[in-house]
Student: 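Structure provided below as C-alpha cells; questions to follow.
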Amino acid sequence: PADVADMAARARLRTHGAGSRIYERGERGDILFVVEYGLVQLSTRSIDGERMIAVDLAGAGEIFGEIESSEAVPRDPERPRLLDAEVVETAALVAVDGRDLRALLDRRPEIATRLREILTGRVRRLVALVEDVSFRSVEIRLARHLLELADRLGMADGAKVTLRRRLTHQQLADALGVTRRSVLNT
C-alpha cells in the first residue's frame, strides 16, 4: 500500500557495529527501529551502573523502541526511553519516525493490531523475567534461558541445537540478573 511505501521512503537505514549503543535509558526518543539483520540487546542497569539485566533481544525482522514511538502524547512527543539498546551482532536498523508510525497506525488498524501483539509478547516476557528473578533458582533460570535462546537463535542438526553466536558467562549472567560467578557455579 502507498502509505507503507511512503513511510518506508522516509525511513533511514543505518549499520551499527557490535558494541554500539543505539540509545540509553532516559534519553528522549520518538523512533521505532526495525532490525533488518543482526541482534540488539535491550537491557536496564542498576542505579550505580554496576549490574545489568538483559530484558529482551531483537533480531532480524523484529522491532524495538515501539513503546515510546507508539505513545500519542501531544505535550511530550519524545518520551524518555525505558531501556538501553545495544548492538550485540553487527546490525542494519531501519529507523522509523514516531509521527509516521502513529499516522500509519491510525489509518491501518491491522498494523496497530500486530503492534499490540508484539507489545503483549514483550509484556509477557517481562512478567516471566520478574517471576524468574523473584521465585526461581539460578539453575532453573539458566536452563529456561538456554531453552529460549535455542528456540529463538538455535540451528537444529538432528537432536543437537547450536546457537548462532557464542555467549560469554557475563552475557548469560546479565540475562539472568546475577553475577558471573553464579553462572560459573551452576
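This is a predicted model, so every value here is computed, not measured. Along the sequence shown, residues are numbered consecutively beginning with 1.
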Student: Below 4.0 angstrom, N of the basic side chain to O of the carboxylate: do R21 and E27 qualify?
Tutor: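 Looking at E27 together with R21, the answer is no, because their closest N to O distance does not fall below 4.0 Å.
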Student: Go through it in stages, so that I can follow the logic: the residues are T162 and D157, the test is side chain to side chain contact (heavy atoms under 4.5 Å, CB included), and I'd like the CA-CA distance, side-chain angles, deciding distance and then a yes or no.
Tutor: CA-CA 8 Å; T162 305; D157 182 19; 5.8 Å; no
Student: Restricting to pairs with a member in residues 128-139, which pass salt bridge (charged side-chain N to carboxylate O under 4.0 Å, His left out), not counting sequence neighbours?
Tutor: D132-R136, D132-R144
Student: Roughly how far, to the nearest 0.5 Å, is CG of L105 from CD of E110?
Tutor: 10.0 Å
Student: What are the two closest heavy atoms between E68 and R102, and how far apart are they?
Tutor: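 Closest pair (atom of E68, atom of R102, distance): O-NH1, 4.4 Å.
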Student: Before giving the answer on side chain to side chain contact (heavy atoms under 4.5 Å, CB included), spell out for L42 and R122 the whole-Å C-alpha distance, their side-chain angles and the decisive distance to 0.1 Å.
Tutor: CA-CA 11 Å; L42 305 171; R122 189 151 287 149; 4.0 Å; yes
Student: Do I118 and V94 share a hydrophobic cluster, counting only Ile, Leu, Val, Met, Phe, Trp and Tyr and linking them when any side-chain heavy atoms are less than 4.5 Å apart?
Tutor: yes
Student: According to a 4.5 Å side-chain heavy-atom criterion applied to Ile, Leu, Val, Met, Phe, Trp and Tyr, with indirect links allowed, do L39 and F64 form part of one hydrophobic cluster?
Tutor: no
Student: Using 0.5 Å steps for rounding, measure from the CG atom of L104 to the CG atom of D100.
Tutor: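 L104 atom CG to D100 atom CG measures 8.5 Å (nearest 0.5 Å).
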Student: For a 4.5 angstrom cut-off between non-hydrogen side-chain atoms, does L93 reach V35?
Tutor: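 Side-chain contact under 4.5 Å: yes.
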Student: Can T186 and H169 be said to form a side chain to side chain contact (heavy atoms under 4.5 Å, CB included), step by step?
Tutor: CA-CA 11 Å; T186 300; H169 291 111; over 6 Å; no
Student: So D56 and L129, do their side chains get closer than 4.5 Å, heavy atoms only?
Tutor: no
Student: Is there a side-chain contact between R141 and L172 in this structure, where contact means two heavy atoms from C-beta onward sitting under 4.5 Å apart?
Tutor: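 No; the side chains remain at least 4.5 Å from each other.
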Student: How many angstroms lie between CG in L82 and CD1 in I67, if you round to the nearest 0.5 Å?
Tutor: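 CD1 of I67 is found 5.5 Å from CG of L82.
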Student: According to a hydrophobic-cluster definition based on side-chain heavy atoms being under 4.5 Å apart (Ile, Leu, Val, Met, Phe, Trp, Tyr only), do L146 and I140 belong together?
Tutor: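 No, because L146 and I140 fall into different hydrophobic clusters, even though each may have its own neighbours under 4.5 Å.
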Student: Rounded to the nearest 0.5 Å, how far does CG of L153 lie from CG of L167?
Tutor: 8.0 Å
Student: At their closest point, which heavy atom of A54 faces which heavy atom of S43, and how far apart are they?
Tutor: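 Distance-wise, the nearest heavy atoms are CA-CB, 3.9 Å.
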Student: What are the two closest non-hydrogen atoms of G26 and P80, and how far apart are they?
Tutor: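 Closest approach of G26 to P80, heavy atoms only: O-CB, 3.9 Å.
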Student: Of all heavy-atom pairs between I53 and G177, which one has the smallest distance, and what is that distance?
Tutor: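 For I53 versus G177, the nearest heavy atoms are CG1-CA, 3.6 Å.
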Student: Could you tell me if the side chain of V40 sits less than 4.5 Å from the side chain of H16, heavy atoms only?
Tutor: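 Side chain of H16 against side chain of V40, heavy atoms only: no contact under 4.5 Å found.
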Student: Out of curiosity, I63 CD1 to F33 CZ, how far, rounded to the nearest 0.5 Å?
Tutor: 12.0 Å
Student: For Q170, which residues count as a side-chain hydrogen bond (donor to acceptor under 3.5 Å, both in side chains) partner, sequence neighbours excluded?
Tutor: D174
Student: Are side-chain heavy atoms of R10 and R99 found at a separation under 4.5 Å?
Tutor: no
Student: May I ask whether L119 and L83 are part of the same hydrophobic cluster, defined by side-chain heavy atoms of I, L, V, M, F, W, Y residues being less than 4.5 angstrom apart, directly or through others?
Tutor: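 Yes; L83 is reachable from L119 via cluster members.
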Student: Would you kindly confirm whether V138 and L149 end up in one hydrophobic cluster when ILVMFWY residues are joined by side chain heavy atoms under 4.5 Å apart?
Tutor: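 Both belong to a single hydrophobic cluster.
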Student: Of all the heavy-atom pairs spanning L13 and A92, show the shortest one and how long it is.
Tutor: CD1-CB, 3.9 Å
Student: Any side-chain heavy atom of Y23 within less than 4.5 Å of one from I31?
Tutor: no
Student: I want to check something: taking the side chain as every heavy atom from C-beta on, are R152 and L57 in contact at a cut-off of under 4.5 Å?
Tutor: yes
Student: How far does CG of D106 sit from CZ of R108, to the nearest 0.5 angstrom?
Tutor: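 Going from the CG atom of D106 to the CZ atom of R108 covers 12.5 Å.
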Student: Within a 6.0 Å radius of atom CZ on R14, are there more than 12 heavy atoms belonging to other residues, nucleotides or ligands?
Tutor: no
Student: Under the side chain to side chain contact (heavy atoms under 4.5 Å, CB included) criterion, do R125 and E148 qualify, and how do the steps go?
Tutor: CA-CA 11 Å; R125 285 190 298 279; E148 288 172 16; 5.8 Å; no
